[in-house]
Amino acid sequence: MDEPNKALRLQGLTKFYGSQRGIEDLTLDVRPGEVFGFLGPNGAGKTTTIRMILGLIHPTRGRGEVLGLDIVKDSVRLRAQVGYLPGDLALYDRMQGKDLLEFVGRMRGGVPATAYEQLAERMQLDLDRRIKDLSRGNRQKVGVVAAFMHSPRLLVLDEPTSGLDPVVQQEFQRLVRETVDAGATVFLSSHVLAEVEEMADRVGIVVSGRLAVVDTVDTLRERAARKIELDFPAAPPDLTGAPGVQRVDVRGATATCWLTGPAGSLLKLAVDHGVVDIHTHEPDLEDAFLGYVTGEDS
Amino acid sequence: MSAVVLPVPHAAPQVLVLTLRTLRDRWRSTFGWGLGLVLIGIMQLAVYPSVASSSEGMQAFVDQWPDALKEAFGLDAYTTGAGFLNAEMFSMMIPLVLIAIATTAAAAATAGEEERGTADLLLSLPVSRNRVMAAKVLAGGIAVVLVAGATWLTIAVGAPFVDLEIAAGDLAAGILMTTLLALFFGAVTLLIGAATGKRTVALGVGVGLALAAFLLNALAPLADWLEPWQDASPFRWALGNEPLLNGVDVAMAGLLLGLSIVLLVIAAIAYRRHDIGGR
Ligand SMILES: Nc1ncnc2c1ncn2[C@@H]1O[C@H](COP(=O)(O)OP(=O)(O)OP(=O)(O)O)[C@@H](O)[C@H]1O
Ligand SMILES: [Mg+2]
């Protein structure tokens, strides 16, 4: 097989459920060795896209390739190269963790037990318990192990950290980094920028079935609107005129400003009006998106 | 970029692994149905001597019934070995239990996995839907054949103890025809499940059609307006020629098998086109 220069390539990929839009006209490239964060609010079309890549549902229009393999025509060969973690993970409940992973390994043509045992140990997962007796987070770990254990070339992970506690999330992030260092590519979905920004090289944001933004995490953060809360002794002054301020919400004596670019002018104005306290927040997804859309024409 | 291209596994081991996994999943329910059928068989064999010894009175009593009624209840020759087995086991109990096993297995096969949400995991593995279908058909077929075989064995071994006379070949013919009947309704159920992804719809259609076919075959002799339709019932195809007396009706066996294969092919095509439902 030719070594393709794209790990994932989607061109005009579209899925309608009847008249309900799942995702429309999605064009996107993911480079080999990259961690790509696929972000969007509930119902944006992330799971729809991912399930088309795996061949679980069929595109209404458009096409896609994984490592040069067509998502419709070469689906089986494609899936041999991919590790998938479903968003709504459901496992064979009556099996023990190790039996399930052994089954998955055999269906993949044989994966040594050491591969999943080591991963399970890393994730502190007890493989001797029946899956239905595991907590939600521990079940999620079984899904993570199943996705990684055969050293796939592309990992497609639908909200991988849902249900995982912070410690395990850290371990998961290390696992992703090591996997990428070993040459794989990772495509993962999430609701929140903060969750993927440490891992991802680039992110794409989908809203209501359409891709709104693709950019590097750094650029996105730079352009993201930061949220700054300013407490005043009395009713806040009008801050909307300050350079870089996108939006202001006033509640009592507190003004919440969304700001892109330098904060100097806004802070000077605030100080002039006797600001009492200042709180800043990491930009979340909506903030990032807001900064982007409005930043476009500035 | 890791240059290791991961190969697609070979068909035979993959299908085998999934078949065994499915059989294990369905083991308990299959065992339950099978045990029930075997116990009923033993009970029926146990009462046969008393039926046979009162044969004159019993047959005289039955002989007074209208022919249509006798045919409807399979009572034409109640006190002979074949007539007794036909009335008590083969006209209803064995086919319905085998159909229950086949249709529940078929409904669970694709639609059941989909409703439980496990289809996402299974179909994300490098296995084609055709292979998944093949494994599910194998597993369901094996479950039906195992229970049918246990029933055959029970009757074949038990009959001599109670002086029930039945030719070994004819008994096997009865089992074969009811097994084919069950596989036919299993194929119907599988097709509906593969096309809709809905387990209860598949089971409802499969079991509903089987019951309708059973009633049509049983009641047709009683109602003039139904009679012309009796030949449309797969129960008639399987049992109309009285396999316990006359052996396998090759044409009808071929019809059931052929239609089942056609249904399975359509099911495989429908499954390939089907969008797997999210949970
Ligand atoms: N099987 C289906 N039938 C009809 N509509 C569907 C189906 N699956 C998804 N949709 C619709 O498609 C849109 C995209 O859904 P999708 O599940 O892809 O979103 P998502 O980005 O994964 O959301 P979440 O963050 O909540 O998981 C939604 O409007 C959803 O209601
Ligand atoms: Mg989703």
Side-chain angles (χ1 to χ4, degrees), chain A residues 1 3-5 7 15 17 31-33 47-48 51-58 67 69 74-95 99-100 102-110 143 146-147 150-154 156 158 179 182-185, chain B residues 1-29 108 110 112-136 139 197 199 269-279:
Chain A
M1 198 191 327
E3 191 62 12
N5 56 0
K15 179 69 185 181
Y17 301 96
R31 294 187 279 265
T47 299
T48 298
R51 296 181 80 242
M52 270 194 285
I53 295 171
L54 270 298
L56 295 164
I57 55 178
H58 306 299
L67 302 154
L69 299 167
D74 308 316
S75 182
V76 177
R77 264 204 300 163
L78 179 160
R79 280 180 263 146
Q81 320 305 318
V82 174
Y84 168 54
L85 177 62
D88 295 309
L89 180 66
L91 303 163
Y92 297 105
D93 278 349
R94 287 194 298 209
M95 296 176 93
D99 292 338
L100 180 102
E102 188 190 322
F103 165 72
V104 168
R106 288 202 171 151
M107 291 297 286
R108 289 196 174 279
H150 57 293
S151 307
R153 302 166 77 200
L154 174 69
V156 179
D158 196 356
T179 307
T185 308
Chain B
M1 174 96 257
S2 62
V4 196
V5 179
L6 299 163
V8 173
H10 295 294
Q14 219 179 25
V15 170
L16 184 70
V17 166
L18 185 55
T19 303
L20 291 176
R21 153 103 273 287
T22 307
L23 277 173
R24 274 179 69 171
D25 217 32
R26 303 204 56 72
W27 172 243
R28 269 194 256 180
S29 93
T110 65
E113 292 251 12
E114 213 170 313
E115 279 187 4
R116 285 159 74 193
T118 50
D120 260 48
L121 177 75
L122 178 62
L123 296 175
S124 75
L125 301 171
V127 60
S128 67
R129 293 196 192 176
N130 281 350
R131 287 187 191 175
V132 170
M133 187 65 98
K136 297 291 184 176
R199 197 183 64 85
I269 295 169
Y271 192 40
R272 276 210 305 265
R273 295 188 176 180
H274 175 63
D275 273 357
I276 304 301
R279 273 214 295 175

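These values consider heavy atoms only, across backbone and side chains, with no hydrogens, waters or symmetry-generated copies. Chain letters run A, B, ... following the sequence lines, proteins first, then strands; residues in each count from 1.
- Formation of a donor-acceptor pair under 3.5 Å by the B:Q14 side chain with backbone atoms of A:G109 is not found in this model.
- Annotation: residues 124-134 of chain B contacts chain A through B:S124, B:L125, B:P126, B:V127, B:S128, B:R129 [non-hydrogen atoms, separation under 4.5 Å].
- Contact count against chain B (heavy-atom pairs under 4.5 Å) is highest for A:A80 among A:S75, A:A80, A:G55.
- Residues A:R79 and B:V8 are not in side-chain contact: their nearest non-hydrogen atoms beyond the backbone lie 4.5 Å or more apart.
- B:L16 pairs by the side chain to side chain contact (heavy atoms under 4.5 Å, CB included) definition with B:L20, not counting sequence neighbours.
- Annotation: side chain to side chain contact (heavy atoms under 4.5 Å, CB included) contacts of A:A146 (sequence neighbours excluded): A:L101.
- The distance from atom CG of B:L122 to atom OH of A:Y92, rounded to the nearest 0.5 Å, is 4.0 Å.
- Looking at A:R94, only its side chain comes within 4.5 Å of chain B, counting heavy atoms on both sides.
- Put simply, the side chain of A:R51 never gets that close to the backbone of B:D120: no donor and acceptor are under 3.5 Å apart.
- Shown here are the salt bridge (charged side-chain N to carboxylate O under 4.0 Å, His left out) partners of A:D99, two or more places apart in sequence or in another chain: there are none.
- Looking at B:H10, there are no atoms closer than 4.5 Å to chain A (heavy atoms on both sides), in backbone or side chain.
- Nearest heavy-atom pair, A:I57 versus B:I276, reported as atom, atom and distance to 0.1 Å: CG2-O, 3.5 Å.
- Atoms CG and CG, from A:L54 and B:L121 in turn, are 10.5 Å apart once rounded to the nearest 0.5 Å.
- Rounding to the nearest 0.5 Å gives a distance of 10.5 Å between OG1 of B:T118 and CG of A:L89.
- Using a 4.5 Å heavy-atom threshold, the side chains of A:K15 and B:D275 count as touching.
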Criterion side chain to side chain contact (heavy atoms under 4.5 Å, CB included) on B:L18 and A:F103, from CA distance to verdict: CA-CA 8 Å; B:L18 185 55; A:F103 165 72; 3.9 Å; yes
Test A:M95 against B:R21 for side chain to side chain contact (heavy atoms under 4.5 Å, CB included), laying out the working first. CA-CA 10 Å; A:M95 296 176 93; B:R21 153 103 273 287; 3.4 Å; yes
